[in-house]
There are 2 protein chains.
Amino acid sequence: MAGNGDVRTRRVTQREIARIAGVSQATVSAVLNGSTSATVRIPPATRERVQRALEQARYVADPAARRLAGLGNKILGVFTYEPAMSVETVDFYGPLLTGIEESAERLGCDLLFLTASPVVGGRRRLLDRRTRFRLADGCLLLGQDMDEQEVAELVAEGYPCVAVGRREEPSIPYVGVDYGALTLELLTRARALGHRRATYLHADRQTPSALDRVEALGRATAGGVLDVRTEIVTDDDLERAARDAAGRGETLVLCENAFTAARVGSALVDDDTVSVAALGETEGHAVAGRQVSGFRLPRTRMAHEALTLLHRIIDGEAAPAKRHRLLPGRVEPGETLRAADGASR
Amino acid sequence: MAGNGDVRTRRVTQREIARIAGVSQATVSAVLNGSTSATVRIPPATRERVQRALEQARYVADPAARRLAGLGNKILGVFTYEPAMSVETVDFYGPLLTGIEESAERLGCDLLFLTASPVVGGRRRLLDRRTRFRLADGCLLLGQDMDEQEVAELVAEGYPCVAVGRREEPSIPYVGVDYGALTLELLTRARALGHRRATYLHADRQTPSALDRVEALGRATAGGVLDVRTEIVTDDDLERAARDAAGRGETLVLCENAFTAARVGSALVDDDTVSVAALGETEGHAVAGRQVSGFRLPRTRMAHEALTLLHRIIDGEAAPAKRHRLLPGRVEPGETLRAADGASR
DNA sequence: TCTGTGTGATGGTACGTATCATCACAGGAG
DNA sequence: CTCCTGTGATGATACGTACCATCACACAGA
């Protein structure tokens with residue numbers, strides 16, 4: 001039957017309670033919801049009788065029925081475009097999950113992880129006939145490689161969504177990190193250390209945050225902070241490109257993330273004249289015992305803010321204008337970004 | 001409104017599809033479920049017309065309605081008696097979550113984390129009026145400190161549950177680790193290293209796995225493997241009790257878990273005549289650079305097995321007799337359990 | 001013509017909850 | 001006695017899906 005069998009296990013319903021208390025199902029519902037409309041009134045005596053029956057029979061509302069009746073049920077969906085708890089991805093998702101769980105507990109919400117969404121073309125697909133996210137009052141979207149069109153459709157439908165990470169599509173609410181400001185701050189620090197020319201090695205991914213970094217590098221170059229050359233490389237070309245940069249006399253190689261920075265750092269470990277830094281989170285990454293220079297991103301706080309925003313949108317409290325949020329991060333000085341005059345061992 | 005507002009966002013229902021295709025809602029349902037009963041038959045032409053309408057209008061079934069109609073909807077609940085993704089507990093729960101996510105994906109199920117269940121008396125309460133686990137087809141239960149009575153009630157109702165960790169209550173299905181066998185194996189190894197007398201320091205917790213360890217120690221003593229004294233200690237008394245054991249000439253101090261073992265190890269770090277071992281997972285725990293001796297528990301695999309068992313129970317495929325499973329672990333020799341003749345630095 | 005039979009589809013109802021419109025009744029005013 | 005009003009509670013219905021019982025129809029056989 002593959003999980004499609006009859007799963008009715010409930011025994012005690014409002015009707016059952018009504019029978020015990022000698023009232024109607026409607027009255028039970030009214031007591032449960034504390035309805036004090038002008039038209040429906042419950043005197044304390046009846047109310048108490050029903051309450052006792054509820055206690056005694058251990059009544060628990062059926063969330064499916066509540067949902068069907070058009071009410072929210074305090075379930076928030078969590079959609080990740082790749083597995084979130086696997087050994088490989090837990091470094092990235094872990095801090096986010098921490099924040100998500102904390103916030104959900106604080107808000108009194110349960111979390112529906114949409115682990116069943118079918119994988120099409122390497123990433124999970126959100127809009128599919130089998131998807132169950134509509135059971136949730138709203139949905140949190142995590143992952144670099146998001147199909148913004150798909151999400152925009154959902155938003156247009158009126159379904160509450162919040163993305164973690166900046167999005168281009170203006171209709172999508174999001175909570176992200178200000179990569180532009182962080183990039184600029186790191187470059188300013190590099191300039192203070194004597195650097196003048198750098199190369200940014202990247203894979204030319206078109207995600208919003210990747211574009212933010214490139215754009216900030218462009219502004220920095222135009223503004224005379226640092227002259228940054230950008231080069232699109234594949235994973236195989238990384239070391240070659242780094243050595244080329246050194247050969248051109250550049251003193252700093254910037255990378256997209258801590259992994260590539262670590263590889264570049266290893267390739268150049270003998271060359272004290274070239275610094276390396278990542279334009280991403282570098283916690284726990286080191287080259288030859290040296291902490292990789294880069295960013296510290298407030299991932300747990302991002303999750304907090306995202307869940308809070310989602311909750312507000314569900315409650316209709318978030319003005320459309322206040323649905324985009326960029327949080328500040330922190331530059332991690334690290335030990336792989338050193339003074340440019342080099343040879344300072 | 002605190003999430004209780006009207007959240008109806010759905011637009012396209014079976015009725016809508018029926019209108020488009022010029023058939024009845026019942027026909028749409030039949031097409032969707034591929035019903036080929038003797039009584040209801042859909043010719044290919046009609047079937048195709050409905051299919052086209054479904055595609056065109058991007059129909060997505062409402063899981064709440066499915067559930068209400070008595071069908072499973074491939075949602076598995078995950079109930080943890082404490083936060084699972086917090087910084088403090090991720091060491092313990094992380095590998096379990098990895099297995100849970102993997103299995104859920106493999107089974108095509110979504111996961112409902114019951115983070116909203118109210119905390120009463122230090123642990124989350126499962127049976128509460130506000131709980132939403134009944135939305136799930138079944139529920140996985142995680143946590144040391146489980147209220148077995150509560151779970152037994154649930155099982156008696158016919159609600160599919162599986163606990164991770166052994167349970168006393170025979171009606172509760174579980175997947176656990178064979179602590180008894182592991183304890184015996186560690187003691188046998190200790191004997192081979194020359195140890196004859198040991199003390200087990202524990203907090204006298206009444207969880208099944210704690211009792212299993214104590215019982216195995218008793219069997220080992222009775223069987224002449226090793227003479228193990230057990231002592232109930234509070235956290236404050238730990239170091240004192242460990243020094244007392246050394247004073248009595250015992251050569252091995254056994255602890256309940258890696259944390260207490262590490263503390264005892266630190267207190268006795270200057271005394272090479274006394275070994276320390278934990279009767280629990282010790283991965284990542286060390287004293288003065290020495291890996292703490294203890295167990296390796298197959299936690300990811302436990303989660304796999306537990307989810308698989310849950311799925312089987314939901315499908316009615318698991319005979320009641322096959323609902324209890326103890327997995328073997330592995331003894332981690334480590335470096336804090338040394339030869340008993342000591343002074344071998 | 002009547003009866004049976006197979007085909008294609010539909011109407012009605014159940015699931016559990018929320019809500020609106022309605023109703024029975026008592027007591028006071030006219 | 002009738003009308004009105006406020007009180008207490010209920011019946012009916014909607015939500016979206018699944019499924020059983022039923023029906024209309026055509027066609028063949030007696």
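Residue numbers begin at 1 in each chain, while the letters A, B, ... track the order of the sequences. Please read these numbers as outputs of a predicted model, since none were measured by experiment.
Straight-line distance from the CD atom of B:Glu48 to the P atom of C:dG8: 15 Å, rounded to whole Å. A straight line from CG of B:Leu32 to P of D:dG16 spans 15 Å, rounded to a whole angstrom. With rounding to whole Å, B:Asp62 atom CG is found 10 Å from D:dA18 atom P. When the P atom of C:dA18 is taken as reference, atom CD1 of A:Ile42 falls 13 Å away, rounded to whole Å. Note: CZ (B:Arg67) to P (C:dT17) measures 13 Å, nearest angstrom. Look at CD on A:Glu16: it is 13 Å from P on C:dC15, rounded to the nearest Å. One interatomic measurement links the two molecules: CZ of B:Arg47 to C1' of C:dG8, which rounds to 12 Å at whole-angstrom precision. Here the C1' atom of nucleotide D:dG16 and the OH atom of B:Tyr59 are 7 Å apart, to the nearest Å.
Here A:Glu305 contributes atom CD and A:Arg325 contributes atom CZ; the two are 4.0 Å apart, rounded to the nearest 0.5 Å. The OG atom of A:Ser117 sits 9.5 Å away from the CD atom of B:Glu105 when rounded to the nearest 0.5 Å.
A salt bridge does not link A:Glu102 to A:Arg106: none of the charged side-chain nitrogens sits closer than 4.0 Å to a carboxylate oxygen. Using a cutoff of 4.0 Å between basic side-chain nitrogens and carboxylate oxygens, A:Asp137 and A:Arg67 are scored as salt-bridged.
Comparing C:dT17, D:dA9, D:dA18 by their nearest atom to the side chain of A:Arg49 picks out D:dA9. Comparing atom distances between the A:Leu68 side chain and each of D:dT17, D:dT10, C:dG16 picks out C:dG16 as nearest.
Phosphate proximity of D:dC15 to B:Arg15: present, with a side-chain N or O under 4.0 Å from OP1 or OP2. Taking 4.0 angstrom as the limit, A:Thr46 places a side-chain polar atom (N or O) nearer than this to OP1 or OP2 of D:dA9. Here B:Arg66 reaches the OP1 or OP2 of D:dA18: one of its side-chain N or O atoms lies under 4.0 Å away.
The nearest heavy atom of DNA chain C to B:Gly22 and to B:Ala65 marks one nucleotide each, and the one closer to the 5' end goes with B:Gly22.
Among the protein residues, A:Val23 comes within range of the sugar-phosphate backbone only, with heavy atoms under 4.0 Å from sugar or phosphate atoms but none that close to a base.
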Inset, instruction - Carefully, step by step, assess A:Leu54 and A:Leu32 under the rule side chain to side chain contact (heavy atoms under 4.5 Å, CB included). - result: CA-CA 9 Å; A:Leu54 287 169; A:Leu32 278 168; 3.7 Å; yes
Inset, instruction - Could you check A:Tyr93 against A:Glu82 for side chain to side chain donor-acceptor pair (under 3.5 Å), going step by step and ending with a plain yes or no? - result: CA-CA 10 Å; A:Tyr93 283 106; A:Glu82 60 255 345; 2.6 Å; yes
Legend entry - Heavy-atom protein contacts under 4.0 Å, nucleotides 19-28 of chain C, coded B base, S sugar-phosphate only, - none: B-BB------
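For A:Thr80 (side chain) and A:Pro83 (main-chain N/O), no donor-acceptor pair under 3.5 Å exists by modelled atom type.
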